[in-house]
Amino acid sequence: MQLRALAISAVLAAASLVNAQRKCGTSITDAQVKAAEAHFKANKVTPSEVSLAATVVNVYFHVVAAGTTLAQGNVPQTQVQAQIDVLNADYASTGISFVLANTTRTTNSGWFNNAGPSNSQQTAMKNALRVGGAADLNVYSVGFKSSSTSGLLGYATFPSSYSSAPKDDGVVFLYSSVPGGTTTNYNGGQTLTHEVGHWVGLYHTFQGGCTGAGDSVSDTPPEASPASGCPTGRDTCSGGGVDPIHNYMDYSYDSCMTEFTAGQTTRLKSQIATYRGLA
């Protein structure tokens, strides 16, 4: 099922911590986007003006570690709360707020080291730990230490995939990308902001490049490729304006990311109303 394949496609990665560049671990094809958008159009729920005022999302934060130290992934509660605070600040313009419903702590070196998109370790982790329904955000902080996951910053599922794989729903991200973490240029908390963007139904700003429907949002200028660093004035597609390097759905440094657009807000609110029952 194309929508199921799309769930695995929202992957945010870094090639390595040496070059500190975000890269996608799995691409989203134009065909998959076309299928997802057709399904969305056919089933779309548009929230009322009243519901646009405030939407509260319960967050279940699963700290998965290889041991008891911070270096082994045992993120302290202060950083967990700091991450929730960053989500609330970054999503303030969208009308979504996040409440930390619970924090779980699990010591499992296999999950911490090896969990990755679609593999057996992440499936076992999610099957054991995930709680709630479509409206509940489950996030898992892990280490991405194996050869197949090294360099990943995170990955997420899309709202439209929940019905076919409810236990798979959620965000897996690098523990050291939380505010005050040790991943240089990506330790402001915006990795989770970006991944939650996928969870609420947003594509990357560079989806589709300079042609076609792009990210299915009209007020994000087209972008030929992901940005790296904070390249002010970058313009990779003729017409439409300079690249949206400050958008949370690009690949800029955390310090460069500052905004969602009005169009993205309209889309994400409709996505979560349609697929997550959130309004």
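Residues Val86 and Val63 do not share a hydrophobic cluster, defined by chaining ILVMFWY side chains whose heavy atoms lie under 4.5 Å apart. Tyr60 is not connected to Val196 by any chain of hydrophobic side-chain contacts under 4.5 Å among Ile, Leu, Val, Met, Phe, Trp and Tyr, and they are in different clusters. The cluster map of Ile, Leu, Val, Met, Phe, Trp and Tyr, joined by side-chain heavy atoms under 4.5 Å apart, puts Leu100 and Val200 in the same cluster. No continuous path of hydrophobic side-chain contacts links Phe158 to Val217 [ILVMFWY only; heavy atoms under 4.5 Å]. Leu268 and Val57 fall within the same hydrophobic cluster, where Ile, Leu, Val, Met, Phe, Trp and Tyr residues are linked whenever their side-chain heavy atoms come under 4.5 Å apart, directly or through other members.
Counting heavy atoms from C-beta on, the side chains of Pro226 and His204 never come closer than 4.5 Å. Using a 4.5 Å cut-off on side-chain heavy atoms (C-beta onward), Met125 and Val64 make contact. Between Leu152 and Pro117 there is a side-chain heavy-atom pair separated by less than 4.5 Å. Two residues are said to be in side-chain contact when any heavy atoms from C-beta on lie closer than 4.5 Å; Leu278 and Lys269 fail this criterion.
Rounding to the nearest 0.5 Å places CG of Leu70 at 9.0 Å from OG of Ser176. Within the model, atoms CG of Leu202 and CD of Gln271 stand 8.0 Å from one another, a figure rounded to the nearest 0.5 Å. Between Asp136 atom CG and Tyr162 atom OH the span is 8.0 Å, to the nearest 0.5 Å. Separating the OH atom in Tyr186 from the OG atom in Ser177 is a distance of 11.5 Å, to the nearest 0.5 Å. Put simply, CD on Gln79 and CG on Asn74 are 10.5 Å apart, with the number rounded to the nearest 0.5 Å. Rounding to the nearest 0.5 angstrom, the gap separating the OG1 atom in Thr183 from the CG atom in Leu153 is 6.5 Å.
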Test side chain to side chain contact (heavy atoms under 4.5 Å, CB included) on Asn138 and Lys126; report intermediate values, then the result. CA-CA 9 Å; Asn138 283 249; Lys126 289 178 175 180; over 6 Å; no
Would you sort out whether Thr149 and Asn114 count as a side chain to side chain contact (heavy atoms under 4.5 Å, CB included), showing the intermediate values? CA-CA 7 Å; Thr149 62; Asn114 304 314; 5.7 Å; no
With side chain to side chain contact (heavy atoms under 4.5 Å, CB included) as the criterion, how do Thr104 and Val131 come out once you've worked through the C-alpha distance, each side chain's angles and the decisive distance to 0.1 Å? CA-CA 11 Å; Thr104 67; Val131 295; over 6 Å; no
Where do Thr274 and Asn43 land on the side chain to side chain donor-acceptor pair (under 3.5 Å) test, with the steps shown first? CA-CA 7 Å; Thr274 302; Asn43 296 277; over 6 Å; no
Starting from the C-alpha separation in whole Å, work towards a yes-or-no answer on side chain to side chain contact (heavy atoms under 4.5 Å, CB included) for Trp199 and Arg276. CA-CA 10 Å; Trp199 188 82; Arg276 298 199 180 281; 3.0 Å; yes
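In this structure, Phe206 has its ring center under 6.0 Å from that of Tyr251. Centroid-to-centroid, the aromatic rings of Tyr91 and Tyr248 stay 6.0 Å apart or farther.
Checked by atom type and distance alone, the side chain of Gln72 pairs as donor or acceptor with a backbone atom of Thr68 at under 3.5 Å. For Asn88 (side chain) and Phe98 (main-chain N/O), a donor-acceptor pair under 3.5 Å exists by modelled atom type. A donor-acceptor pair under 3.5 Å links the side-chain atoms of Arg130 to the main chain of Asp169, judged by distance alone. No side-chain donor-acceptor contact under 3.5 Å links Tyr203 to the backbone of Gly214. The backbone N or O of Gly263 lies less than 3.5 Å from a partner atom in the side chain of Asp219, making a donor-acceptor pair. Listed for the Ser164 side chain is a donor-acceptor partner under 3.5 Å among the backbone atoms of Ser161. Remark: side-chain polar atoms of His246 are not paired, donor with acceptor, to backbone N or O of Met257 under 3.5 angstrom. Not one N or O on the side chain of Asp243 forms a donor-acceptor pair closer than 3.5 Å with the backbone of Glu223. The backbone N or O of Val75 lies less than 3.5 Å from a partner atom in the side chain of Arg105, making a donor-acceptor pair. Remark: the backbone N or O of Asn108 is not paired with any side-chain donor or acceptor of Thr106 at under 3.5 angstrom.
Smallest separation of non-hydrogen atoms from Gly240 and Pro221: O-CB, 3.3 Å. Here the closest non-hydrogen pair linking Phe40 and Ser270 is CZ-OG, 3.5 Å. Looking at every heavy atom in both residues, Gly73 comes nearest to Phe112 through CA-CE1, 3.6 Å. Heavy atoms only, all atoms of each residue included: Val171 and Ala156 are closest at CG2-CB, 3.8 Å. Closest approach of Asp254 and Gly189 over heavy atoms only: OD2-N, 3.3 Å. Here the closest non-hydrogen pair linking Tyr275 and Ala134 is O-CB, 3.9 Å.
Atom NZ of Lys44 sits in a sparse spot, with 12 or fewer heavy atoms from other residues, nucleotides or ligands closer than 6.0 Å.
Between Arg234 and Asp250 no salt bridge is recorded (no basic side-chain N to carboxylate O distance below 4.0 Å).
Between the side chains of Gln190 and Thr193, no donor-acceptor pair is found at a separation under 3.5 Å. For the residue pair Thr157 and Asp168, no side-chain donor N or O sits within less than 3.5 Å of a side-chain acceptor on the partner. For the 3.5 Å distance criterion, the side chains of Thr205 and Asn247 fail to qualify, holding no donor opposite an acceptor.
The only option from Thr191, Val178, Val59 that meets the side chain to side chain contact (heavy atoms under 4.5 Å, CB included) definition with Gln83 turns out to be Val178.
Note: His194 and His198 have perpendicular aromatic rings, judged against thresholds of 30 and 60 degrees for the angle between ring planes. Aromatic ring orientation, Phe173 versus Phe61: perpendicular (interplanar angle above 60°, classes split at 30° and 60°).
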